[in-house]
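Data block below; observations after.
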Amino acid sequence: MTTLVEFLNESLLLPLHRYSYEECRATADWLLAQMNVRPLVGIVCGSGLGGLAEMLKDQVAFNYKDIPNFPQSTVHGHAGRLVFGTLKGKPCVCMQGRFHLYEGYPIQKITLPMRIFKLLGVETVILTNAAGGLNQDYRVGDVMILKDHLNMPGFAGNNPLAGPNDERFGVRFPCMSDAYDRDLQQLAFDVGAELGYSDFLRKGVYCVLGGPSFETIAECRMLHKLGADAVGMSTVHEVIVARHCGMRVFALSLITNQAVMDYESEEKANHEEVLETGRLRAEQLERLVSNMVMRIEHNSDENINLY
Ligand SMILES: O=P(O)(O)O[C@@H]1C[C@H](O)[C@@H](CO)O1
């Protein structure tokens, strides 16, 4: 029979220990053993934005189910493939599908890929997501560059860095006031202007909730009052882990629907609309991201051909 101590250990403590440095290292080494390039840029595709992975040249792809220690995608619009390749000559790795809290994974598991990115050699992470627009000036199809976030699960103690801290990844108390790299935000606006996208580029604050239910009208009103411009169910946990281990972060939200703020409205948020808006903006997002990647400078640029 299971003793109380064993039960507590398994249900409360073990999940915090399960994704160790050694396990992340083993996964990264498994991937590197099959690859002759080391990625400098890691890209995460949001709901309906998996097409971003298709822009990589000379692809080598792995299904998540074949990668040791990797979670599985369970959401429609998230293919579940890790794709390596080059983008305008720069080595990249792309998650075609991400993990969300509402899928039932522990928060440490949904963010595990960020640590694997780090151990693969990634220096810059580009995160994309689909989000509901709270800012009344936003329109469906706008692209919001994240300047900051509100971490609602974090307020309740659900932070991916909870549990023992391994200094090999980063410090116990990482700063988050500089989470979103300002030079990369500016680069997005510069590249966007050159591509003629200024009309639909915005800058704002993203708020993460646990999902999977979409928000009530009262919740949307509250989040808007708190300073959020868009609401979603991802990204922030990945940003925290990526910053903890010292990678530069850029994130964007595609505003796929207007959050419902009005009791007279007949609008209802739904996942099909989210995916459809992703399809409509896919091409422009691919151009924006690929042109940014081409212009990002990396410490290891001169070593690209050595791996
Ligand atoms: O992975 P992201 O944040 O793009 O996915 C959003 C949030 C939910 O998973 C889903 C709702 O339609 O899209």
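In this chain, residues are counted from 1 in sequence order. Every number for a ligand or one of its atoms is a count from 1 in the order of the listing. Values reported hereafter were calculated over all heavy atoms of this structure, with side chains retained and with hydrogens, waters and symmetry mates removed.
- Near Ser234, meaning under 4.0 Å from any of its heavy atoms, are these atoms of ligand 1: 1 (O), 2 (P), 3 (O).
- Note: Phe84 and Phe62 have perpendicular aromatic rings, judged against thresholds of 30 and 60 degrees for the angle between ring planes.
- For the residue pair His271 / Ser47, no side-chain donor-acceptor distance below 3.5 Å is found, with atom types taken as modelled.
- Put simply, CG on Asp142 and OG1 on Thr277 are 11.0 Å apart, with the number rounded to the nearest 0.5 Å.
- Close contacts between ligand 1 and Met233 involve ligand atoms 7 (C), 8 (C) [criterion: under 4.0 Å to a heavy atom].
- When only interatomic distances are considered, the shortest N/O to N/O separation between Arg98 and ligand 1 falls below 3.5 Å.
- Side-chain rings of Tyr19 and Phe169 stay apart, their centers remaining 6.0 Å or farther from each other.
- Asn158 and His237 share no side-chain donor-acceptor pair at under 3.5 Å.
- For Arg115 and Thr27, the side-chain atoms include no donor-acceptor pair closer than 3.5 Å.
- A side-chain donor-acceptor contact under 3.5 Å links Gln96 and Glu54.
- Within ligand 1, counting atoms from 1 as listed, the ones closer than 4.0 Å to a heavy atom of His100 are 1 (O), 2 (P), 5 (O), 9 (O).
- Heavy-atom proximity to Phe214, at under 4.0 Å, picks out these atoms of ligand 1: 11 (C), 12 (O).
- Within ligand 1, counting atoms from 1 as listed, the ones closer than 4.0 Å to a heavy atom of Tyr102 are 8 (C), 9 (O).
- At the top of the distance list for atom 11 (C) of ligand 1, counting protein heavy atoms only, stands His271 ND1, 3.5 Å.
- Listed by number with element, the atoms of ligand 1 under 4.0 Å from a non-hydrogen atom of Asn129 are 3 (O), 4 (O).
- Relative to atom 4 (O) of ligand 1, the option among Ser47, Gly232, Ser73 with the closest non-hydrogen atom is Ser47.
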